[in-house]
Amino acid sequence: MDLKKSVRSIPGWPMEGVIFRDLTTLMLDPAAFQKSCDILYERYKASSVDKIVGIDARGFVFGAVLAYKLGIGFVPVRKKGKLPAETLEESYSLEYGSGTLEIHRDALDSGEQVVIVDDLIATGGTAGATVQLVNKLGADIIECAFLIELPDLGGRAQLRNCSVFAIMEFEGE
Ligand SMILES: O=P(O)(O)OC[C@H]1O[C@H](OP(=O)(O)OP(=O)(O)O)[C@H](O)[C@@H]1O
Ligand SMILES: Nc1ncnc2[nH]cnc12
């Protein structure tokens, strides 16, 4: 199955110059959705992962499925102002904007092994901020995992000390 065919591309959204890679079409296709989740599960099932860290909002979909399949806990990294208990925060910029992410201070213990999951890496700003938050809590990052990487935007450079895995790549076609 060619998973790339189940991703919808929308030029000029949310702004001129961006080709938006829309995964809602992949999620609507049960075979493609299962296949994506299975690829992630197969990759980490033999690793000693303690927790999955998922990034707001689309990283929650795939990260939560992976945590369920691995039988481990899920930690949401959320856009500022959504987490109710004490948090750490980190600001970032992305392909079409900027923001601040937060994590609960008690979500990870020092030395825990985590996999960070998001749907897509573009400039790497969002994932880079998440890596900073996880590092501040003293947890170790096994890998950052994405469904899609946009290599033209160089996001891996923001994650220099982390292993990066992406199921699919989209160049500026
Ligand atoms: O590599 P970057 O340039 O940082 O871009 C990648 C981020 O952009 C999208 O999220 P968005 O902020 O649009 O939020 P959403 O998941 O809530 O739609 C995507 O889900 C990643 O989190
Ligand atoms: N081109 C893109 N498509 C979907 N999500 C994104 N997040 C940042 N850039 C994106």
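Remember, it's 1-based here, ligands and their atoms both numbered in the order they're listed.
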Exercise. Which protein heavy atom lies closest to atom 21 (C) of ligand 1, and at what distance to 0.1 Å?
Worked result: Asp118 OD2, 3.1 Å
For this session: Measure the spacing between CG of Asp22 and CG of Leu120 and express it to the nearest 0.5 Å.
Result: 11.0 Å
Exercise. Looking at Asp56, Val134, Leu133, which one forms a side-chain contact (heavy atoms from CB on, under 4.5 Å) with Val77?
Worked result: Leu133
Exercise. Strictly under 4.0 Å, does any heavy atom of Gln158 approach an atom of ligand 1?
Worked result: no
Exercise. What atoms of ligand 2 come closer than 4.0 angstrom to any heavy atom of Ala122?
Worked result: 8 (C), 9 (N)
Exercise. Does a side-chain N-to-carboxylate-O contact under 4.0 Å join Arg78 and Glu102?
Worked result: no
Seminar exercise, completed: Residue, atom and distance of the protein heavy atom nearest atom 10 (O) of ligand 1 read Arg58 NH2, 3.4 Å
For this session: Given side chain to side chain contact (heavy atoms under 4.5 Å, CB included), test Met15 with Trp13 step by step and report yes or no.
Result: CA-CA 5 Å; Met15 58 170 57; Trp13 199 89; over 6 Å; no
For this session: Enumerate the atoms of ligand 1 whose separation from the nearest heavy atom of Asp119 is less than 4.0 angstrom.
Result: 19 (C), 20 (O), 21 (C)
Exercise. Do any N/O atoms on Ile19 end up under 3.5 angstrom from N/O atoms on ligand 2?
Worked result: yes
For this session: Around atom 6 (C) of ligand 1, find the nearest protein heavy atom and jot down its residue, atom name and distance.
Result: Leu120 O, 3.5 Å
Problem set entry | Cationic N near anionic O, under 4.0 Å, Asp119 to Arg21 | no
For this session: Would you mind checking which non-hydrogen protein atom is closest to atom 3 (N) of ligand 2, with the distance to 0.1 Å?
Result: Arg21 N, 2.9 Å
Exercise. So which protein heavy atom does atom 14 (O) of ligand 1 come closest to, and at what separation?
Worked result: Lys79 NZ, 3.0 Å
Problem set entry | Main-chain N/O of Ala31 paired with Gln34 side-chain donor or acceptor, under 3.5 Å | no
Problem set entry | Phe74 six-ring centre to Lys51 NZ/CZ under 6.0 Å and within 45° of normal | no
Exercise. In the protein, which heavy atom is nearest to atom 7 (C) of ligand 1, and how far is it?
Worked result: Thr126 OG1, 3.5 Å
Exercise. Considering distance alone, does some N or O of Gly124 sit under 3.5 Å from an N or O of ligand 1?
Worked result: yes
Exercise. Do any N or O atoms from the side chain of Lys4 and from the backbone of Glu169 form a donor-acceptor pair under 3.5 angstrom?
Worked result: yes
Exercise. Does an N or O from Ile55, backbone or side chain, lie closer than 3.5 Å to an N or O of ligand 1?
Worked result: no
Exercise. Considering only protein heavy atoms, which is closest to atom 7 (N) of ligand 2, and at what distance to one decimal place?
Worked result: Tyr96 OH, 3.2 Å
Problem set entry | Under 4.0 Å to a heavy atom of Thr123 - the qualifying atoms of ligand 1, by number | 1 (O), 2 (P), 3 (O), 4 (O)
Exercise. Closest non-hydrogen protein atom to atom 5 (N) of ligand 2, residue and atom name please, with distance?
Worked result: Arg58 NH1, 3.3 Å
Problem set entry | Option with minimal heavy-atom separation from atom 4 (C) of ligand 2, where the choices are Phe170, Phe20, Trp13 | Phe20
Problem set entry | Protein contact of atom 16 (O) of ligand 1 - nearest heavy atom, named by residue and atom, plus distance | Ala57 N, 3.0 Å
Exercise. Would you call Val49 and Val114 a side-chain contact if the rule is heavy atoms closer than 4.5 Å?
Worked result: no
Exercise. Can you list the atoms of ligand 1 that are under 4.0 Å from a heavy atom of Glu95?
Worked result: 3 (O)
Exercise. Does atom NZ of Lys136 have more than 12 heavy-atom neighbours, drawn from other residues, nucleotides or ligands, at distances under 6.0 Å?
Worked result: yes
For this session: Establish, from distance only, whether the side-chain atoms of Gln113 and Asp140 form a donor-acceptor pair under 3.5 Å.
Result: yes
Exercise. If you draw a 6.0 Å radius around NZ in Lys35, do more than 12 non-hydrogen atoms from other residues or ligands fall strictly inside?
Worked result: no
Problem set entry | ligand 2 atoms in contact with Leu120 (distance to a heavy atom under 4.0 Å) | 3 (N), 4 (C), 5 (N), 6 (C), 7 (N), 8 (C), 9 (N), 10 (C)
For this session: Considering only non-hydrogen protein atoms, determine which one is nearest to atom 13 (O) of ligand 1 and report residue, atom name and distance to 0.1 Å.
Result: Tyr96 OH, 2.5 Å
Exercise. Centroid-to-centroid, Phe33 to Phe62, below 6.0 Å?
Worked result: yes
Seminar exercise, completed: The closest protein heavy-atom partner of atom 10 (C) of ligand 2 is Glu95 OE1, 3.2 Å
Exercise. Going by distance only, is there an N or O of Leu94 that falls short of 3.5 Å from an N or O of ligand 1?
Worked result: no
Exercise. Which atoms of ligand 1 have any heavy atom of Ala122 under 4.0 Å away?
Worked result: 1 (O), 2 (P), 3 (O), 5 (O)
For this session: Say whether Ser6 and Thr25, considering side chains only, have a donor N or O and an acceptor N or O under 3.5 Å apart.
Result: no
